[in-house]
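Below is one structure, written out as structure tokens; comments come after it.
For ligands, and for the atoms within them, numbers begin at 1 and follow the listed sequence.
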Amino acid sequence: MSVELLDGSMVLGFIEDEQAFNTSIEDRFASLDSDSDGRLTYDEMAKELMSLSVLGSHFGGMDEPSVSHEEVVQMYQDLFEQFDKDGDGMVDLEEFRGEMKEVMLAVANGLGFVPVQMVVEEGSFLKTAVERELAITQQIFFD
Ligand SMILES: [Ca+2]
Ligand SMILES: [Ca+2]
């Protein structure tokens with residue numbers, strides 16, 4: 001975990017950079033797919049669902065302190081179903097890519113254009129978006 005300064009244009013730039021975004025999606029998918037069968041089960045997705053629910057809480061999704069364990073489980077299951085478009089109980093790469101794009105667009109819209117400090121997890125999409133932006137900035141600076 002680290003605290004980074006993020007704004008909407010940074011996240012949008014990352015989504016629109018198709019090659020960087022797809023590579024990052026494929027890496028993330030592969031690291032979640034612990035049995036490497038090319039599909040993510042609910043258990044394999046759990047880690048990602050947790051980091052997405054942190055995003056949700058940042059944007060007012062889960063700020064009530066009285067959320068019960070059952071409600072949290074229900075929220076993860078709802079999130080998983082959002083990914084699993086064809087409802088076969090597994091999330092494939094296309095489903096994962098499609099939904100992550102939606103989530104990241106929602107994050108970009110939620111952030112707006114005023115940079116905010118956010119706690120980002122190592123290897124997460126937001127972390128990659130920050131690293132990409134830094135690399136571009138350094139390139140401009142050193143050229
Ligand atoms: Ca799997
Ligand atoms: Ca599916």
Side-chain angles (χ1 to χ4, degrees), residues 1-140:
M1 298 270 197
S2 61
V3 178
E4 306 285 356
L5 210 53
L6 274 167
D7 68 18
S9 64
M10 200 188 274
V11 178
L12 270 184
F14 176 53
I15 300 167
E16 282 162 6
D17 185 346
E18 209 161 296
Q19 207 186 348
F21 187 71
N22 283 342
T23 304
S24 164
I25 291 279
E26 281 159 26
D27 286 355
R28 187 68 175 167
F29 189 90
S31 76
L32 292 170
D33 185 14
S34 43
D35 64 358
S36 304
D37 68 348
R39 297 179 305 174
L40 300 178
T41 61
Y42 178 74
D43 284 348
E44 287 173 329
M45 279 284 289
K47 197 174 157 233
E48 187 69 20
L49 295 177
M50 259 177 253
S51 70
L52 291 176
S53 68
V54 171
L55 285 179
S57 71
H58 184 81
F59 297 110
M62 211 176 71
D63 48 2
E64 313 99 272
S66 59
V67 180
S68 70
H69 178 69
E70 285 74 26
E71 283 171 314
V72 174
V73 170
Q74 184 61 50
M75 193 185 64
Y76 287 166
Q77 276 166 357
D78 289 349
L79 259 175
F80 184 77
E81 279 166 23
Q82 232 171 291
F83 276 89
D84 183 17
K85 300 283 183 220
D86 64 3
D88 66 350
M90 299 277 195
V91 173
D92 62 31
L93 183 59
E94 285 312 308
E95 288 173 332
F96 187 70
R97 195 199 324 262
E99 189 59 26
M100 284 312 293
K101 200 166 178 172
E102 295 297 314
V103 170
M104 287 299 128
L105 283 173
V107 168
N109 288 331
L111 283 171
F113 294 96
V114 180
V116 290
Q117 281 198 328
M118 277 183 77
V119 177
V120 296
E121 191 197 334
E122 287 307 313
S124 71
F125 287 100
L126 291 178
K127 180 78 183 172
T128 313
V130 171
E131 280 164 356
R132 177 182 164 276
E133 186 80 11
L134 282 178
I136 292 171
T137 312
Q138 278 167 2
Q139 248 171 32
I140 294 165

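- Here the N, O or S atom of Asp33 that is nearest to the Ca ion (ligand 1) is OD1.
- Between Glu99 and Lys85, at least one side-chain N (NZ, or NE/NH1/NH2) sits under 4.0 Å from a carboxylate O, which counts as a salt bridge.
- Asp37 contributes OD1 as its N, O or S atom closest to the Ca ion (ligand 1).
- Note on Lys127 versus Glu121: no salt bridge recorded, every NZ/NE/NH1/NH2 to OD/OE distance being 4.0 Å or above.
- For Leu40, every N, O or S atom stays at 3.0 Å or more from the Ca ion (ligand 1).
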| message | As a quick check of understanding, evaluate side-chain contact (heavy atoms from CB on, under 4.5 Å) for Leu40 and Asp92, giving each step before the final call. | response | CA-CA 6 Å; Leu40 300 178; Asp92 62 31; over 6 Å; no
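- Contact check for Lys101 versus Phe96: no side-chain heavy atoms found under the 4.5 Å cut-off.
- By the 4.0 Å N-to-carboxylate-O rule, Asp17 lies close enough to Arg132 to be salt-bridged with it.
- Nearest N/O/S atom of Asp86 with respect to the Ca ion (ligand 2) is recorded as OD1.
- Its N, O or S atom nearest to the Ca ion (ligand 2) is what matters here, and for Asp84 that atom is OD1.
- Because the distance cut-off is set at 3.0 Å, Asp92 fails to qualify as a neighbour of the Ca ion (ligand 2), as none of its N, O or S atoms comes that close.
- When you scan the N, O or S atoms of Asp35 for the one nearest the Ca ion (ligand 1), you land on OD1.
- No donor-acceptor pair under 3.5 Å is formed between the side chain of Glu44 and the backbone N or O of Met90.
- Looking only at N/O/S atoms, Asp88 comes nearest to the Ca ion (ligand 2) through OD1.
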